[in-house]
Every structure is written in C-alpha cells, then in structure tokens.
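First the structure, in the form of structure tokens, and then the observations on it.
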Amino acid sequence: MDTTKLLSLLRTCSGSGSKSLIRAKLIHQKIVIQGLQSNIVLCKSLINLYFSCQNYDSANLVFRTIENPLDLSLWNGLLAAYTKNYMFFEALDLFDRLLQNPFLKPDSFAYPSVLKACGGLGRVGCGKMIHTHLIKTGFGLDIVVSSSLVGMYAKCHKFEYAIKVFDEMSARDMASWNTVISCYYQDGQADKALELFKKMRDSGFEPNSVTLTIVISSCSRLLDLERGKEIHKEYVKDGFVFDSYVSSALVDMYGKCGCLEMAREVFDQTPVKSVVAWNSMIGAYSSKGDSKSCIELFRSMHWKELNPQ
DNA sequence: GTAGGGTTAG
C-alpha cells in the first residue's frame, strides 16, 4: 500500500467513536510496517485523526516517533490541536521543546496557539515575555498574532494592555474587532463594547455571528431592550436558521429584559437548541415566578435527550 | 488538498 492510498484512507476515516479509533490504529500499524513513520504528510493526518478520536497519547506517540521533525507545520498543527482541545499545558510544553530545537524557530503560525494557551492558563508573565519577543522579531505585525495578544491580555484580565495592543495595530480584521469588543464585555464594560461595535461598523465591517453574540449579550447586561431589538431586526434575518450562539444570546436578552413572548418566539424558532438556550429560557420563566413553565421545559429538555448541566 | 486568533447562561 502506497502513501497516496494510506492518505486517502486516513481522510475518509474522520469522526470520533470507537470504530474510527480502531481504523486509525490499523492504518497506523500499516504506516509503521511500511517504514513510513517519518512521512510528514501521513503523520499530520494521523495525528489529526487521533485527536478527533480523543486519543491524545497515540497522537503524541506519532509525533515522538518521527526521526527528524524539522517541518514547522507539523509542530504548529500539533500546537493548534492542543489549544483547540484546551490542553494548554501540553501546548506550552511543546512550545518549549520547539524553542530548544537548534534547527527550528517559531513562526507567525506558532504564536497564536501559544498565546491562547497563556491566556487559558492565565499566565500573563509568559504572555508578556512572548510579547517582548514579538516586538523584537517583527512577528507582532501579523494581524492574527497581534489579535491573539489582545485576546491573551483580556483573558488574563489585563484589559489596559489588551486595548493598548489593539490601538497600536496597523491593520484590523473582523476577528480583531470581535476580540476587542469581547474584551470590553469581559471587563464588565458592556456600554463600551457597544461603542466599539459602532466604531467597527464605521470602519466598514459588517458584524458576523460572533460579533452579534457579544453585542446582544451586552444589551442583555445593560437591560437595553430597544437596542437589542434593533440589532435583532437589522442583522438577524427573519426565518433565518439561527446560529446557536446568537439565538441563545437573544433568548437570554429578551428573558432578562422581561420580554417573555419574544424570548419564547426565538427559542421556538431555533432548530438546534443548545443547553445555554434551554437554560436561558428556563431562567426567564423562573425570573417571572412561572414555575409551571419551568418544570414543563425541564421535562421536554430531558425528552429531547439533552443533558442539563 | 498545509499550520494560526474572536462567541452565549449560571
């Protein structure tokens, strides 16, 4: 069996569950038998497959078995896989090993994952060191890297630093704006978040579902029903199949503002209801003292085989 | 056919 065949096998094998894990191990075995355990493309695909099966030890083993892992994208892919799965210690550990490798240097694709790990662990000291390094190397000019810096400082509750980095960015994209709007929201400054939302639109950006989630939540926190309604009308199209984050935020906003009818309307229109949507709707009835509806919803939540948290 | 950042409640 050649590399192309193995690669297409790996690609059809996506998904989780025990079945695909067994298949992953079989393909892994074939790769080793053919002596292809240092083939970068195959290893990257196999590592991703093991991650989708949540078998992190095997993914790690694949990486460690590669004789000369001198391909940066392999490291960056593993770093991203770790942070995507909230394995922040593992990500920082891998980054350390990358720094120790005499033949490799981290590039602009490595830093976003590492900064996310720093933020996730609240390691602001580590984040600051990386910040200094980014200024020296020039990688901080990269829009994704600098947005990650903003996010890292915000996660570490260093909001002044976060805003400073954002203000100094020479170019911004949608995600940078979302990061800074979310930063104000996290800092308890929902009014500032809405202010930045306006600035974002004035700069020529149309909000996406991430933006809408944060600004609707900001309206909720400010109990600003009128503003929330406006945003709902203007940006969330009628009969549109809602994004589950946006619809949960809307249910919460209407519920908090005491507008039960609208909360229920959005809730009923949401095809795939998240746990947050259920909790927000139940919370809305609860705040009105309507325990009958609370219990009714709680029962149908179980009926839908959704586990309450 | 390569690898990166941003989202909701309690």
Side-chain angles (χ1 to χ4, degrees), chain A residues 4 7-8 10-11 40-45 47-48 51 71-84 91 94-95 98 106-120 134 139-140 142-155 162 165-166 169 172-186 190 193 196-197 200 205 207-221 228 242-256 263 266-267 270 273-284 286-287 308-309:
Chain A
T4 325
L7 199 55
S8 69
L10 281 164
R11 276 169 185 159
I40 299 297
V41 181
L42 283 177
C43 286
K44 266 199 271 190
S45 190
I47 287 171
N48 284 331
F51 262 94
D71 182 297
L72 252 188
S73 76
L74 184 72
W75 292 74
N76 292 342
L78 190 55
L79 275 172
Y82 278 141
T83 48
K84 209 174 277 172
L94 183 64
F95 183 64
L98 176 58
D107 64 358
S108 61
F109 277 81
Y111 288 109
S113 304
V114 179
L115 288 166
K116 196 176 169 180
C118 291
L134 290 174
F139 284 127
D142 184 291
I143 194 165
V144 181
V145 172
S146 48
S147 299
S148 305
L149 258 180
V150 177
M152 182 277 295
Y153 280 127
K155 283 277 181 310
V165 174
F166 178 79
M169 283 172 74
R172 294 163 187 142
D173 65 5
M174 176 74 76
S176 338
W177 280 102
N178 288 341
T179 308
V180 79
I181 294 172
S182 156
C183 177
Y184 279 118
Y185 177 75
Q186 288 174 63
L196 265 281
F197 173 56
M200 179 191 110
F205 287 97
N208 66 3
S209 62
V210 178
T211 327
L212 291 174
T213 306
I214 312 166
V215 293
I216 292 167
S217 305
S218 300
C219 296
S220 170
R221 199 176 278 171
F242 291 132
D243 175 276
S244 92
Y245 279 86
V246 175
S247 65
S248 305
L250 280 171
V251 171
D252 171 65
M253 187 270 294
Y254 282 122
K256 289 267 166 60
V266 174
F267 182 77
T270 309
K273 299 169 178 57
S274 69
V275 186
V276 180
W278 284 92
N279 289 348
S280 299
M281 196 62 237
I282 293 171
S286 159
S287 69
Q309 277 178 354

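The shown structure was predicted, so the numbers you read here are calculated from the model rather than taken from an experiment. Heavy atoms only: backbone and side chains are in, while hydrogens, waters and symmetry mates are out.
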Residue that, paired with A:Ser274, satisfies side-chain hydrogen bond (donor to acceptor under 3.5 Å, both in side chains) out of A:Ser280, A:Ser248, A:Ser247: A:Ser248

Does a side-chain N or O of A:Lys273 approach OP1 or OP2 of B:dA9 to a distance below 4.0 Å, or not? no

With sequence neighbours excluded, what pairs up with A:Phe205 under the side-chain contact (heavy atoms from CB on, under 4.5 Å) test? A:Trp177, A:Met200, A:Ser203

Give a yes or no on whether a donor-acceptor pair under 3.5 Å exists between the nucleobase atoms of B:dG5, that is its base, and the side chain of A:Ser148. no

Can you tell me if A:Tyr184 touches the phosphate of B:dT7, counting only side-chain N or O atoms and a distance under 4.0 Å to OP1 or OP2? no

Looking across every strand, which nucleic acid part, if any, lies under 4.0 Å from A:Tyr111 by heavy atom: base, sugar-phosphate, or nothing? nothing

For A:Phe267 and B:dA9, give me the distance from atom CZ to atom C1', rounded to whole Å. 13 Å

With a cut-off of less than 4.0 Å, is there a side-chain N or O of A:Lys155 near OP1 or OP2 of B:dG6? no

Using a cut-off of less than 4.0 Å, is there contact between a side-chain N or O of A:Ser108 and OP1 or OP2 of B:dG4? no

Could you check how far CZ of A:Phe109 sits from C1' of B:dG5, rounded to whole Å? 11 Å

Report the residues that fulfil ring pair (Phe, Tyr, Trp, His ring centres under 6.0 Å) with A:Phe139, sequence neighbours left out, ordered by chain and then residue number. A:Tyr111

Nearest-Å distance for atom pair CG/P, residues A:Asn279 and B:dA9: 11 Å

Positions of residues 173-181 of chain A (non-hydrogen atom under 4.0 Å from DNA chain B), listed by number: A:Asp173, A:Met174, A:Ala175, A:Ser176, A:Asn178, A:Thr179

Would you state whether a donor and an acceptor, one from the side chain of A:Ser248 and one from the base of B:dT8, lie under 3.5 Å apart? yes

With A:Lys155, which residues qualify under side-chain contact (heavy atoms from CB on, under 4.5 Å), at least two apart? A:Gln186

How close or far is atom P of B:dG5 from atom CE of A:Met169, stated in whole angstroms? 15 Å

The ring pair (Phe, Tyr, Trp, His ring centres under 6.0 Å) partners of A:Phe267 (sequence neighbours excluded) come to A:Trp278

Contact class for A:Val145 vs. all strands (heavy atom < 4.0 Å): base, sugar-phosphate, or nothing? base

The ring pair (Phe, Tyr, Trp, His ring centres under 6.0 Å) partners of A:Phe51 (sequence neighbours excluded) come to A:Tyr56, A:Tyr82

Looking only at side-chain N and O atoms, does A:Lys256 come under 4.0 Å of OP1 or OP2 in B:dA9? no

